[in-house]
Number of protein chains: 2
Amino acid sequence: MPTSTRFAVAAHALTALAVSGGKPLRSEDLAFSANTGAVVIRGLLSRLSEAGLTRSQLGAGGGAMLARPAEEIRLLDVYNAVEDTELFSLHRTPPCKGCAVGGNILDALQPTLDRARQAMEAELAKTTIADIAADVAKLGKFSIPLVW
Amino acid sequence: MPTSTRFAVAAHALTALAVSGGKPLRSEDLAFSANTGAVVIRGLLSRLSEAGLTRSQLGAGGGAMLARPAEEIRLLDVYNAVEDTELFSLHRTPPCKGCAVGGNILDALQPTLDRARQAMEAELAKTTIADIAADVAKLGKFSIPLVW
DNA sequence: AAGTATGTCATAGTGATGGTTACACACAAA
DNA sequence: TTTGTGTGTAACCATCACTATGACATACTT
């Protein structure tokens, strides 16, 4: 499957906003840092603001900002905001209903797949954008807020 | 960041083999049950046999069989055998190295993504094909081995 | 020898993804 | 109020992985 890079790029953008310390960053700035196009970033910000994670300021001096403290934005929130598809894809065409296995395999598989998904999501819920921002600051040897 | 349908279909095929109780099943039979093409199944069986989960018998009366007891085939083994891509995709184009965030975001993100992946895999390791086969038999109200 | 089944190649259609251009709209600052 | 700035969205496109399908050489059973 073509897996989306939205999660990683969205986390990148939010981390940049957390690091900037409240100063709005333009989609163009975020795009430069993530090495992508400004429209791609705006598409992500659209989803993120709809999820209540960011808000945008129009006009000169505007840009995107975090809508709540970085400590209160979990990676799971980011994941849910920008990822569309189920973690596990099932059969493209439904299996043979009449078959002994085909008629029941999906119901038999689902509980385990649900547990696996929940386990993954539980891990993503443990880390916040503030954690990532702190790690980035540590790795880059700078302090937050960073003035550009 | 979805999986392909390979994982679900491979689990389906292995479950059918477990249910059949040692009798070889042709790729055509498995394809019928999974509602797909025989070549698709053969592609999966190729990966599964390479991973040591199945073996195939050529010629009349031949087909695919489990290479080891269903109790010793974990869903994680199936997942690893047929899935190619990383669970989490990172930036399509590497982020700006010189940026404070872009230069360090990947290293900051990786540990959490690894933990999330490991948590998911740990769940998949808890369930075996024998478990799934037993669930299918229970749901379908039949007993293993099932004579077709 | 005849029939059967696998394994692999080549081809094609499909759908999600990300890149890009264009433009209407909203806001800030002068 | 006017000008410049930045967002939000639509449209289009190239790319890529995925699945489906047809063909066929090979190997094995009967």
Side-chain angles (χ1 to χ4, degrees), chain A residues 1-10 12-13 17 20 23-32 34-51 53-65 67 82-95, chain B residues 1-10 12-13 17 20 23-32 34-51 53-65 67 82-95:
Chain A
M1 279 269 165
T3 54
S4 94
T5 65
R6 286 197 293 270
F7 178 48
V9 176
H12 181 151
L17 296 179
S20 83
K23 182 162 115 22
L25 296 182
R26 300 177 305 158
S27 60
E28 196 178 341
D29 301 326
L30 295 170
F32 178 83
N35 198 6
T36 181
V39 178
V40 174
I41 297 293
R42 292 207 278 265
L44 290 175
L45 288 173
S46 179
R47 293 168 183 252
L48 293 172
S49 73
E50 194 172 354
L53 305 185
T54 64
R55 58 196 170 84
S56 289
Q57 178 82 30
L58 286 176
M65 293 163 287
V82 301
E83 288 295 333
D84 294 326
T85 61
E86 290 291 323
L87 182 58
F88 295 103
S89 306
L90 299 179
H91 301 51
R92 172 184 264 190
T93 55
Chain B
M1 14 199 59
T3 66
S4 67
T5 67
R6 286 196 295 271
F7 177 47
V9 176
H12 181 152
L17 295 179
S20 84
K23 181 163 117 17
L25 295 182
R26 300 177 306 158
S27 59
E28 197 179 339
D29 301 327
L30 294 170
F32 179 82
N35 198 5
T36 179
V39 179
V40 174
I41 297 293
R42 279 183 236 157
L44 291 174
L45 288 173
S46 179
R47 293 168 183 253
L48 293 172
S49 74
E50 195 172 355
L53 306 185
T54 64
R55 59 198 170 81
S56 290
Q57 179 83 29
L58 285 177
M65 293 162 287
V82 301
E83 288 295 333
D84 295 326
T85 60
E86 289 291 323
L87 184 59
F88 295 103
S89 307
L90 299 178
H91 300 52
R92 173 183 265 189
T93 55

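Chain A is the first sequence line, chain B the second, and so forth, proteins listed ahead of strands; every chain is numbered from 1. Computed from a predicted model, the values in this text were never measured in an experiment. Only heavy atoms go into these numbers, but all of them, side chains included; no hydrogens, no water, no symmetry mates.
One can place CD of A/E28 at 15 Å from P of C/dG19, the figure rounded to the nearest angstrom. B/E86 has its CD atom 19 Å from the P atom of D/dC16, to the nearest Å. Atom CZ in A/F7 sits roughly 17 Å away from atom C1' in C/dT17 (whole-Å rounding). Atom CZ of B/R6 is separated from atom P of D/dA17 by 11 Å (rounded to the nearest Å). What separates CD of A/E83 from C1' of C/dG18 is a distance of 13 Å, to the nearest Å. Atoms CZ (B/R92) and P (D/dA14) sit 14 Å apart, rounded to a whole Å. We find that CZ of A/F32 is positioned 15 Å from P of C/dG19, with the value rounded to whole Å. The distance from atom NE2 of B/H91 to atom P of C/dT17 is 17 Å, rounded to the nearest whole Å.
Residues passing the side-chain contact (heavy atoms from CB on, under 4.5 Å) test with B/A51 are B/L53, B/A81, sequence neighbours excluded. Judged as a ring-ring contact (aromatic ring centres under 6.0 Å, His included), and not counting sequence neighbours, B/F32 has no contacts. Looking at residues two or more places apart in sequence or on another chain, you find no salt bridge (Lys or Arg N to Asp or Glu O under 4.0 Å) involving A/E86.
Scanning residues 34-43 of chain A for heavy-atom distances under 4.0 Å to DNA chain D yields A/V39, A/R42.
Rounded to the nearest 0.5 angstrom, A/H12 NE2 and A/L30 CG are separated by 7.5 Å. The distance from atom OG1 of A/T54 to atom CG of A/L25, rounded to the nearest 0.5 Å, is 11.5 Å. Put simply, CD1 on B/I41 and OG on B/S46 are 12.5 Å apart, with the number rounded to the nearest 0.5 Å.
Here the side chain of B/S49 pairs no donor or acceptor atom with the backbone of B/R55 at under 3.5 angstrom.
For residues 38-47 of chain B, the salt bridge (Lys or Arg N to Asp or Glu O under 4.0 Å) pairs, not counting sequence neighbours, are B/R47-B/D84.
OP1 or OP2 of C/dT6 sits under 4.0 Å from a side-chain N or O of B/S27. In this model, the phosphate group of D/dG8 is not approached by any side-chain N or O of A/S46 to a distance below 4.0 Å at OP1 or OP2. Close to D/dG8, at under 4.0 Å from its OP1 or OP2, lies a side-chain N or O of A/S56.
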Practice problem: I would like to know whether A/L87 and B/L87 meet side-chain contact (heavy atoms from CB on, under 4.5 Å); could you show each step before the answer? | Solution: CA-CA 9 Å; A/L87 182 58; B/L87 184 59; 3.4 Å; yes
Quiz item: Can you give one letter per nucleotide of nucleotides 24-29 of chain C, 5' to 3': B if a protein heavy atom sits under 4.0 Å from the base, S if only from the sugar-phosphate, - if neither?
Solution: --SBS-
